[in-house]
Each structure stands twice: as structure tokens, then as C-alpha cells.
Amino acid sequence: MDRKPRKAVRCLSNGQHEGDERFRLLVAHALDAVITIDAQGRITSWNPQAERLFGWPEADILGRLLSDTIVPPAYRAAHERGLAHFRATGEGPALNRRIELTALRRDGTEFPVELAITPMRLGDATVFSAFLRDITDRKRAEKALRDSEGSFRLLFTANPLPMWLYDLETLAFVEVNAAAVARYGYSRDEFLSMRITDIRPPEDVPRLLDLVARERLSGRRDTEEWRHRLKDGRIIDVRVTSHSLEFAGRHAALVVAEDITDRKLAEAARVRDSEERFRLIAASVTDYGIFILDPEGRVVSWNAGAERIKGYRVDEIVGQHFSRFYTEEDVRGGKPAQGLAVARAAGRFEDEGWRVRKDGSRFWASVEITAVRDPGGRLHGFSNVTRDSTERKRKDDALREANRFLDSVVENIPHMIFVKDAEELRFVRSNKSGEELLGHTRDELLGKNDYDFFPPSQADALTSQDRAVLAGSRVVDIPEELIETREHGTRILHTKKIPIRDEHGVPRYLLGISEDITERKRAEEALREAREDAERANNAKSEFLSRMSHELRTPLNAILGFGQLLELRLEQPRDREGVDQILKAGRHLLNLINEVLDISRIESGRFPLSLEPVLLGEAIGRVVDLAGPLATERRVELHAGGAVGDGRYVLADSQRLQQVLLNLVSNGIKYNREGGRLTVACGAAAEGRLRISVKDGGAGIPQAQQARLFTPFERLGAETEGVEGTGLGLALSKRLVEAMGGSIGLESVEGEGSTFWVELPETGAHSADLQEDPSDEAPGADRAKRRGTVLYIEDNPSNLRLVEQVLAERSATRFIPAMQGRLGLALAREHRPDLILADLHLPDMSGEDVLREVLGDPALRGTPVIVLSADATPVRQLLALLDTELPAP
Ligand code: ADP
């Protein structure tokens with residue numbers, strides 16, 4: 001027996017009464033059931049906890065045997081034996097220690113208790129105190145624990161998957177299950193003598209150590225694929241799941257290793273299969289370069305398209321790094337690596353850029369790099385699909401360039417250009433000129449319509465016009481439209497509007513081009529006014545000249561007429577010479593007046609020309625006749641080639657043509673040398689024209705002066721040589737010829753002579769009436785020989801007197817003067833004159849009216865009427881009135 005109980009016994013025997021009471025209190029309030037029994041096993045005390053625990057009240061149980069009450073029948077014999085043994089020996093194996101027993105409740109149920117029995121000596125007697133505690137719950141918990149531990153252990157030991165536990169610090173195997181032993185071929189003891197690194201291929205060890213170190217820190221590790229080495233040396237693929245845990249006070253990891261070798265093989269076969277298929281498909285593709293890179297970027301496979309695009313054969317490129325396809329700049333900028341990095345992280349990388357072919361040339365590539373991973377997520381490499389987009393880029397660039405060009409054209413064109421959408425007629429585009437014209441910036445314009453800028457009525461008009469344009473299909477031209485602008489007031493625009501349709505013919509846009517014609521319109525207006533002013537002034541001038549010439553010529557006629565009379569009468573040669581000078585000066589003045597008047601009329605466009613077929617031979621013949629006396633006077637030989645004109649016609653005004661030709665012929669005579677020749681010839685010229693040339697044998701005209709010949713009053717010094725002339729002849733001739741649609745010019749050789757020529761359009765003969773009938777002259781000649789009566793209707797008395805005197809000088813003609821038209825007609829009916837002379841301008845009627853009256857009166861109808869005028873114009877009108885042609889005045 002040990003010492004403690006003995007001491008307690010001693011203590012109890014020393015202060016018994018006091019001790020009894022204290023013990024009772026202690027027992028009564030103890031947490032455990034406390035009972036005492038005597039050496040016979042009879043219960044001597046029973047506390048309330050014991051009552052509760054066993055269901056026996058103290059009163060019912062005191063004095064009863066323990067073995068009759070709380071010891072279950074199965075243990076009673078053992079209990080009795082124990083007590084007897086103690087009584088005999090003073091020893092008991094159950095004393096003074098905690099033992100677990102089964103106890104019996106009053107209701108017959110058994111339950112586990114923890115029991116500590118202490119023997120005490122009370123005088124001679126020995127008593128036992130027992131402390132009892134219900135351990136039902138603990139037992140149950142222990143059992144549960146035992147049960148679960150068992151099943152968990154079973155999970156480990158009996159698991160069909162290889163499992164082991166290893167020490168995270170030492171990496172030594174701590175426990176291993178049967179499946180692992182079976183699969184790996186190592187015995188359990190062999191396993192427990194190894195470290196986990198021992199079952200790896202050496203090359204995987206660094207990665208493993210790295211991972212374990214991380215697992216030690218984080219406490220977790222994901223499922224991964226590894227390769228393990230079996231005892232026989234074979235390597236298998238495994239999927240490893242690892243969990244760290246505390247095991248027997250050690251930081252350990254529980255590992256489940258699933259053998260996936262077969263699956264991997266099947267997968268690899270499948271991958272190989274699909275890779276092979278892919279390779280076959282890819283290999284035949286030529287439009288795209290398709291090649292595979294390993295994870296580092298080295299070429300692994302290469303198809304026909306890649307060869308075509310990049311120029312490398314398979315054997316040249318496999319194993320090479322793909323950065324060689326990049327330009328130097330891109331390689332320096334790290335582009336190849338970036339591409340792979342993006343593909344690795346995001347799965348895919350797309351790029352466009354310049355790439356380099358084997359021959360160093362560049363092409364524009366569209367590239368797609370895709371990361372290729374196995375089902376476990378391990379990167380196998382990259383697939384690279386490259387397309388040669390050089391052509392597309394070239395087109396894109398060209399298109400962009402063309403667009404830029406068009407944009408700048410549109411932008412810089414000096415007209416407003418605008419585009420409106422067809423739906424709402426809102427501005428979608430405008431140019432700089434548009435901004436300037438409308439006084440709104442592009443931002444203000446775009447998205448708005450006409451109602452935002454123009455007064456409602458104008459916007460209405462513009463909008464309905466736009467709608468009409470969109471409904472049609474053609475360009476609509478609006479020559480003038482007025483718009484109100486913000487900064488420039490009202491502007492006049494010339495606008496073209498064009499509907500723009502899509503491929504289905506649906507109108508999409510309206511294109512407008514507007515030119516601001518305000519200034520031009522104003523200038524045109526000013527010009528028109530100026531022209532009207534000039535025309536008015538010119539008309540006034542012509543009117544003035546016409547009146548002036550009339551006024552000048554009337555007194556000149558008197559001067560010349562009376563001068564001629566005087567010439568006839570004067571006997572003295574000196575007197576006659578004086579009158580001769582007067583006549584010469586008078587004729588010169590008359591020529592001057594006539595030519596100035598003609599020039600001014602031609603220039604003001606009021607010169608009447610009557611173009612008709614003119615028989616050239618005849619016209620030339622007449623001119624030669626007229627010039628005959630002058631030629632004789634100057635002793636110039638005049639030749640008109642026998643068949644001049646050869647029956648050909650030109651389109652001309654007959655009289656004016658004669659005037660021109662006469663001028664050229666007279667010049668040819670005037671500026672010829674003595675005894676020289678003058679030849680008039682005619683021939684065909686270019687463009688259906690006929691050329692009449694007048695060739696003289698004069699001194700010729702220096703080239704430098706030729707251009708000046710045709711300017712008015714330009715005589716090239718002829719005035720100092722005493723040759724008569726006005727300096728207006730060629731100027732007038734040029735204007736006349738050109739007015740008739742012809743041309744005039746000359747060739748001249750100094751010292752040999754000049755050839756002046758006129759060209760006029762050739763034409764056929766239209767009317768036989770135009771040909772003069774020589775028989776007409778016969779009756780006129782007869783009449784001249786007869787004595788007759790002349791009626792002269794003229795309001796100017798000096799003219800009346802002049803004509804009266806002329807007639808009196810020459811013949812015995814009876815002269816009847818009349819100063820008014822009506823009076824003249826009355827006298828004509830009364831006297832039936834042989835000839836009526838009538839001035840064109842009469843106080844009561846015109847000479848034309850006189851003629852009309854005469855023609856309309858059957859009694860007077862046959863009477864010749866000469867209408868006298870200072871200018872030629874009205875005469876032609878008069879001629880039109882007559883049935884038969886009158887000889888030229
Ligand atoms: P005008 O004969 O009245 O002076 P024209 O206009 O007919 O005026 O001629 C202008 C000038 O041209 C003449 O003054 C003369 O100097 C020169 N001219 C004209 N015809 C000839 C010619 N056939 N030969 C030389 N000079 C000529």
C-alpha cells in the first residue's frame with residue numbers, strides 16, 4: 001500500500017467528531033456520487049448525487065449490500081471475491097486507482113462508471129469510500145471516435161488508390177497504404193526508408209522541391225500531374241492530390257496518387273491523331289501559312305502556305321526561332337516575345353504588321369498566334385496562322401489615299417459642297433467653303449437641317465426641292481437661287497443637286513454643290529448696263545453722223561454742182577484753174593465724209609449688207625471700166641485676164657464688193673510707176689473661197705509697214721508725194737470685206753510691186769434675175785435723146801436751183817419744181833413727167849412714200865423715179881419696192 005491512504009486514515013482517527021461532520025458536508029456537496037461501505041460490503045453512507053445516479057434514495061439503500069444493489073449481477077461474484085481477498089490479505093488490485101466498471105441503476109439499467117475506492121480504518125474496522133462518476137457520454141464519444149478512426153484508417157489502408165503520408169520537413173515517407181505498395185513495387189519498409197524525391201525522375205526534383213516549399217508555407221497544393229518511378233524503373237504518369245496536416249506532431253502531407261498512364265497514352269494517341277489530321281489539313285493549305293512553334297518559339301511544323309508566303313522550305317526552318325520573320329525594328333522592340341506572352345496569358349494573340357521573307361523582302365501579314373495546351377493545361381507550344389495581306393493593305397492604303405485625296409479636293413474646292421442624309425435631310429458633310437458661305441462651323445452644321453439656318457419659307461422651299469431631287473435620278477441644276485447667310489447677307493448660288501443611291505437604288509444621300517455667283521451676277525449686271533449705255537451712245541453717234549453727213553453733203557453738193565457749172569462757163573484758164581481747185585477739194589471732202597460715215601457705220605454694226613451671189617467677172621469688168629480713165633491718165637497698163645472669174649460667183653454685197661475692188665485697183669494705179677502694169681486676176685483659194693488679186697508694178701511696201709496699211713488715216717507718207725487720197729480706203733475695205741465674211745491682205749516685194757488680194761466664199765448662182773440684162777440700156781438711151789419733162793421734189797431751194805441750172809445748161813428739158821411731196825405727186829398726175837426726182841427727206845412725206853404712191857398709181861406707174869439721198873441705205877429699201885432693177889445711182 002502506498003502512503004497517502006494511511007495518512008488519511010490517521011487523520012480521521014485523530015479528530016473523529018469534527019472530521020465526521022466535515023466529511024459529511026464534503027460528501028453531500030461533492031459533484032461525484034460518494035458512498036461508503038463496510039468490509040462486508042454494506043452501504044454505510046449515500047450522498048444526493050448517488051441518489052440521482054442510481055435512483056436509490058439514501059433511506060432505501062443504507063445497510064444493504066453493494067452487490068445486491070448497484071453491482072450488476074454479472075459482476076457480483078467477482079465483487080464478492082475481491083472483498084474476501086481484501087479481508088484476507090488487506091490488499092485489493094482495485095483500490096486507490098481509477099477503474100471503469102459497469103453499474104446498475106435501481107430501474108435495472110446498466111451504465112459505465114468511473115470508480116475510485118479508498119479503504120479507511122475506523123478503529124478496528126475498515127471502511128471503503130467510493131467515488132463514482134457516470135461516464136456514459138465519455139464512453140459513447142470514445143466509441144464513436146474509435147469507430148470513425150477505424151473507418152478513416154480503413155479509407156487509407158484499404159483505398160484502391162496509392163496513398164502515403166510524408167513528412168513535409170524531411171520529405172520522408174511516414175505511412176503508405178497497400179495500394180501504393182502494390183502499384184509501386186516497393187515494400188512498406190522500403191517506402192518508409194525513402195523520401196518522396198526518390199520516386200521521381202531526377203529532372204522533376206527541382207520543381208517538386210519548389211512546390212513542397214510553397215506547400216509548407218501555404219498549407220495547400222492543387223492537383224497536379226507528375227511522373228513517378230516504380231521500383232522496376234518504369235515511369236508512370238500520375239495525378240497527385242496533396243493535403244497538409246498534423247500527424248503525430250509532425251507537419252505532414254497526405255498524398256493520393258492516381259495512375260493516369262493509360263489515360264495519358266490514350267490521350268497522347270488522340271492528340272497525335274488529331275495533330276496528324278491537323279498536320280495533313282494544314283500542310284495542304286497554301287493560302288495561309290500555318291506553323292507550330294514550341295513553347296520557346298522555335299518552329300516545329302511548317303505548311304505549304306508558310307513556305308509559299310515566307311519562302312523557307314520545311315528543312316530550312318524547322319528548329320529556327322520564329323523571330324526571324326520579324327523586322328529588325330520589331331525584334332529590337334521585343335515584339336516576337338510579346339506576341340507569345342499575350343498568347344500564353346490570353347490564349348490568343350492577333351496582330352498585323354510587316355514581316356520579312358527569306359529573301360529579305362517584306363510583306364504585310366495578318367497573324368494569329370494561339371497557345372496550344374494539353375488537357376492538363378500544360379503549354380505545348382503555339383500555332384501560328386499567317387496570311388499575306390500585302391495586296392489588301394495596298395488596296396486599303398490606296399483607298400485611304402484616294403479618300404484623303406478626295407477629302408482634300410472636297411475640302412479645298414472653292415464651291416460649297418454638302419451632303420445631306422436622305423431621311424431627314426440633315427447635313428452629314430460640308431466643306432470649308434460651305435462653312436465660310438453659311439457662316440456656321442462644321443460642328444454647327446452637321447446633324448442639323450435647313451430649318452436651323454434659314455427662314456421657314458426658304459427652308460420649306462429648299463426641303464421640297466431636295467425631296468424632288470431624291471425622288472428623281474438625275475442631276476438637278478438650279479442656275480440661280482437666293483439664300484440668306486449669316487455673315488454675307490443674301491447670296492446668289494448656282495447649285496447642282498445630285499441624288500446618291502445605294503446598290504439597291506434606294507436614295508441614301510443628297511449631294512449638293514453650290515457656287516456663289518453673286519459677284520459674277522453683279523459684274524454681269526454692270527456689264528449689261530454698260531453695254532446698254534454704250535449702245536445708246538453709239539446709236540446717238542451714228543444718228544449724229546448720219547445727220548451730220550446729210551447736213552455736210554447738202555451744201556457740198558451745191559458747192560460741187562455750182563463749181564461744175566462755173567467751170568463750164570469760165571473762159572479764162574486761170575479762173576478755171578481756181579474752180580478746178582475748189583472742185584478737187586470738194587470731191588476730196590465728199591470722199592472723206594462718205595468713208596468716215598461708212599467706217600463708223602460698220603463699227604457700230606449698223607451697216608446694211610445684202611449678201612447675194614455676185615458674178616465675179618462682171619464685178620471686175622465694171623471696176624476696170626470705172627478705173628479706165630484714171631489708168632489712162634497715169635499711163636498704167638490695165639489687164640484683166642481674158643476669162644477673169646470664169647463664170648464663178650462669190651457671196652457678197654455686189655455694190656460694196658465693187659467699192660473694195662475699185663479702191664484696190666485705184667491704189668494699184670495711183671501707187672504704180674509710170675508705164676507700169678496692173679493685173680487683176682482671180683482664182684480658187686482654200687476653204688471654198690475665191691481670191692481676187694490686184695497686182696501692181698509699183699515700189700512695193702516694206703514688210704514693217706504692211707500691218708499699218710489698214711488703219712484709218714495711215715498713208716505711209718503718200719500725202720507728201722502729192723498722191724490724192726484720204727488714208728481711209730484700205731481701212732474701209734478691210735472692214736467691208738470682213739463684214740461680208742471674207743478676208744483681205746497683201747504680198748509685196750520692195751522694188752517689184754504689191755499684190756493686194758480679197759478672198760470671199762464661193763457660191764452658186766441662185767437667181768438669173770441678178771444677172772444684168774444688157775438690153776435694158778436701150779430704152780434709157782432713147783429717152784435721153786428726147787426732150788422731156790423733169791419733176792423735182794426737193795425742200796432745199798439751193799438744190800432745186802442747182803438741178804434746174806444743170807438741166808438748163810445741158811438740154812432743153814422742162815423743169816417742174818415742187819417743195820413738198822403731196823404737191824409733187826399732184827403736179828406729176830397733172831403733167832405726167834418723164835422723170836421724177838425726189839429727195840428722200842421731205843417735210844410732209846419721205847421720198848420712199850412718193851415712190852410708193854407713183855408705183856400704186858396706174859397712170860404714173862411707168863414713170864421713172866429717182867430718189868436722191870445723201871446716204872445709200874434707204875436706196876436699197878427702195879429698190880426692193882421695184883419690180884425691175886434700177887441702174888445703180
Ligand atoms: P489712200 O490711198 O487714200 O492714201 P488707202 O487706205 O487706200 O489710202 O492706202 C493707204 C496707204 O497705203 C496709201 O497712202 C499708200 O501709202 C499705201 N498703198 C496703198 N496701196 C498701195 C499700193 N498698191 N502700192 C504701194 N502703196 C500702197
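Indexing begins at 1, ligand by ligand and atom by atom, following the structure's order.
Close approach of ligand 1 to E714 (heavy-atom distance below 4.0 Å) involves ligand atoms 10 (C), 11 (C). Residue G727 approaches ligand 1 through these ligand atoms, each under 4.0 Å from one of its heavy atoms: 1 (P), 3 (O), 4 (O), 6 (O), 8 (O). Close approach to L709 involves these atoms of ligand 1, each under 4.0 Å from a residue heavy atom: 12 (O), 17 (C).
With sequence neighbours excluded, the residues forming a side-chain hydrogen bond (donor to acceptor under 3.5 Å, both in side chains) with E481 are T495, listed by chain and number. By the side-chain hydrogen bond (donor to acceptor under 3.5 Å, both in side chains) test, K670 is found to be paired with no residue, residues two or more places apart in sequence or in another chain being considered.
No side-chain donor from either of D653 and S610 sits under 3.5 Å from a side-chain acceptor of the other. Side chains of D477 and H494: a donor-acceptor N/O pair is present below 3.5 angstrom, by distance only. For the residue pair E595 / T726, a side-chain donor-acceptor distance below 3.5 Å is found, with atom types taken as modelled. Inspection of the R689 and S743 side chains reveals an N or O donor paired with an N or O acceptor under 3.5 Å.
The heavy atom nearest to atom 19 (C) of ligand 1, out of those in N663, N591, N667, I701, is found in N667. Of the listed options L716, L732, T726, V665, T726 places a heavy atom closest to atom 3 (O) of ligand 1. The option from E721, Q706, R715 that lies nearest to atom 4 (O) of ligand 1, judged by heavy atoms, is R715. The option with the heavy atom closest to atom 24 (N) of ligand 1, from among F710, Y671, F713, is Y671.
For R635, the CZ atom sits in a loose shell: 12 or fewer heavy atoms of surrounding residues, nucleotides or ligands are nearer than 6.0 Å.
Counting only heavy atoms of the protein, atom 23 (N) of ligand 1 lies nearest to D696 OD2, 2.6 Å.
Counting heavy atoms under 4.0 Å from ligand 1, residue L730 touches it through both backbone and side chain. Residue K670 touches ligand 1 through its side chain alone, judged by heavy-atom distances below 4.0 Å.
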